Number of protein chains: 2
Amino acid sequence: MKTINLTTQRQAVYDIVRTAEDHPTAADVMNRLVERGHSFAYGTVYNSLRYLTDKDLIRELKLGETASRYDARTDDHQHIVCEVCGRVDEVMTAIPESWMTQVAEETGYEVAGAHIVVEGVCAECKSKRKK
Amino acid sequence: MKTINLTTQRQAVYDIVRTAEDHPTAADVMNRLVERGHSFAYGTVYNSLRYLTDKDLIRELKLGETASRYDARTDDHQHIVCEVCGRVDEVMTAIPESWMTQVAEETGYEVAGAHIVVEGVCAECKSKRKK
DNA sequence: ATTTCAATTTAGAATAAGTATAAATCTATT
DNA sequence: AATAGATTTATACTTATTCTAAATTGAAAT
Ligand SMILES: [Mn+2]
Ligand SMILES: [Mn+2]
Ligand SMILES: [Zn+2]
Ligand SMILES: [Zn+2]
């Protein structure tokens, strides 16, 4: 049931996402593939990203920008975006369970999870701004 | 400095968003304008939504769907989306201050705010499912 | 080894949401 | 009435992504 078929192109896409320090968009992945000497159809890159997402090897992130980003960390975590430079960092601190419970009570929903995008100014931009 | 110029079309768009029970997309707003006998250019609806957003009369929501939604409630609140029927409801339970502080510590960011989209199954879909 | 068939890749067309542009229309002020 | 700035309109364009149909690949069966 969980057969994973990593073709050359899927493997290459996966490698890009896995070794990325940031959270690359599909376009970022495309560029990095070219840098590494590949040239795949862009439909293939999108197909691969979706395949890898479906197989839970990567996660698709919608951070409120126009393009999705991709993340090889599939453990539960959230993100923080710098309003100044756009960099995206991990947020590992979990939102308190009590908050989720309260939201369930308030709304009558059965709560499954939450996507959180924190906004702020990163350390680097903070120090740059102090002059 | 805070002059607000509500033209006929801006007023009409604002009325749609203000009286909406849901959180309409630009396309929803378009359709409802037509229902009320208006016929504005596509661009005008987008311009109006942006104008109203800039003047803080409404808020633009990016809930991870392809299209933005609009909200006449401008006070601080979050949203919950039903995974089954797609309905969007308000979450008024505030995010714990302690969590924000902890995120700031963890990431080194100066935290300005957070956008949360909770996911789950609404009361209606929950009861429908029990048969 | 050759055939076969499903899965995959490819190039390019199509779609969806939103933005940009330039001409036409409004509106407030002289 | 004349002018000028703001706004609206129709339409072209952009960006991100999906769809399509033909070509290619590769494993399994002969
Ligand atoms: Mn991440
Ligand atoms: Mn709301
Ligand atoms: Zn920054
Ligand atoms: Zn529902």
Side-chain angles (χ1 to χ4, degrees), chain A residues 1-17 20 22-34 36-55 57-71 81 86 88 117, chain B residues 1-17 20 22-34 36-55 57-71 81 86 88 117:
Chain A
M1 209 95 290
K2 188 147 190 193
T3 52
I4 290 178
N5 177 14
L6 285 190
T7 62
T8 310
Q9 13 291 91
R10 287 170 184 168
Q11 185 63 250
V13 168
Y14 186 33
D15 285 347
I16 300 286
V17 177
D22 51 358
H23 293 82
T25 63
D28 291 334
V29 172
M30 270 297 238
N31 294 332
R32 292 171 201 185
L33 284 167
V34 172
R36 295 191 192 179
H38 296 288
S39 80
F40 304 146
Y42 69 144
T44 302
V45 173
Y46 278 104
N47 283 342
S48 299
L49 289 168
R50 185 162 26 175
Y51 180 89
L52 296 167
T53 304
D54 287 348
K55 299 294 184 201
L57 292 173
I58 64 175
R59 273 175 57 192
E60 182 184 6
L61 309 177
K62 308 274 191 76
L63 303 182
E65 304 156 301
T66 45
S68 286
R69 292 172 174 274
Y70 294 88
D71 194 342
V81 181
V88 175
V117 181
Chain B
M1 213 93 287
K2 188 149 189 193
T3 52
I4 289 177
N5 178 12
L6 285 191
T7 62
T8 310
Q9 12 291 90
R10 286 172 185 167
Q11 185 63 251
V13 169
Y14 186 33
D15 285 346
I16 298 287
V17 178
D22 52 358
H23 293 79
T25 63
D28 292 334
V29 172
M30 270 299 239
N31 294 332
R32 293 172 200 184
L33 283 167
V34 172
R36 296 192 191 179
H38 295 288
S39 81
F40 303 146
Y42 226 12
T44 301
V45 174
Y46 278 105
N47 283 343
S48 299
L49 289 168
R50 183 161 30 174
Y51 180 89
L52 296 167
T53 303
D54 287 349
K55 298 295 184 200
L57 292 173
I58 65 176
R59 273 175 57 191
E60 182 183 7
L61 309 177
K62 308 274 191 74
L63 303 182
E65 303 156 301
T66 46
S68 287
R69 292 173 174 272
Y70 293 88
D71 194 342
V81 181
V88 175
V117 181

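Since the model is a prediction, treat every value here as computed from it, not as a measurement. Below, read A as the first sequence line, B as the second, and so on, with proteins coming before strands; counting in each chain starts at 1.
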Quiz item: Along DNA chain D, 5' to 3', what are the outermost nucleotides having an atom less than 4.0 Å from a heavy atom of chain A?
Solution: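 Contacts span D:dA16 to D:dT18, reading 5' to 3'.
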Residues in side chain to side chain contact (heavy atoms under 4.5 Å, CB included) with [X], at least two apart?
| X | answer |
| --- | --- |
| A:Asp15 | A:Gln11, A:Arg18, A:Arg36 |
| B:Asn31 | none |
| A:Asp28 | A:Pro24, A:Thr25, A:Arg32 |
| A:Tyr51 | A:Ile4, A:Asn5, A:Arg10, A:Lys55 |

Self-check item: Residue list, ring-ring contact (aromatic ring centres under 6.0 Å, His included) with B:Tyr46, at least two apart or on another chain
Solution: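 Result, ring-ring contact (aromatic ring centres under 6.0 Å, His included) vs B:Tyr46: B:Tyr42.
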Quiz prompt | Set of ring-ring contact (aromatic ring centres under 6.0 Å, His included) partners for A:Phe40, sequence neighbours left out | solution =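 With sequence neighbours excluded, A:Phe40 shows a ring-ring contact (aromatic ring centres under 6.0 Å, His included) to A:His38, given in chain and number order.
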Practice problem: For A:Thr7, answer base if it contacts any base atom (sugar-phosphate contacts may also be present), sugar-phosphate if it contacts only those atoms, and nothing otherwise; contact means non-hydrogen atoms under 4.0 Å. | Solution: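 Since only primed, P, OP1 and OP2 atoms lie under 4.0 Å of A:Thr7, the category is sugar-phosphate.
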Quiz item: A:Val13 versus A:Leu49: any side-chain heavy-atom pair under 4.5 Å?
Solution: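 Sidechains of A:Leu49 and A:Val13: in contact.
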Quiz prompt | side-chain hydrogen bond (donor to acceptor under 3.5 Å, both in side chains) pairs, two or more places apart, involving residues 58-68 of chain B | solution =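 Every side-chain hydrogen bond (donor to acceptor under 3.5 Å, both in side chains) pair that includes a residue of residues 58-68 of chain B, provided the two are not neighbours, is B:Arg59-B:His77, B:Glu60-B:Ser68, B:Glu65-B:Arg69.
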Exercise. Assign a letter to each nucleotide of nucleotides 13-30 of chain C from its 5' end: B, base within under 4.0 Å of a protein heavy atom; S, sugar-phosphate only; -, no contact.
Key: B---SBB-----------
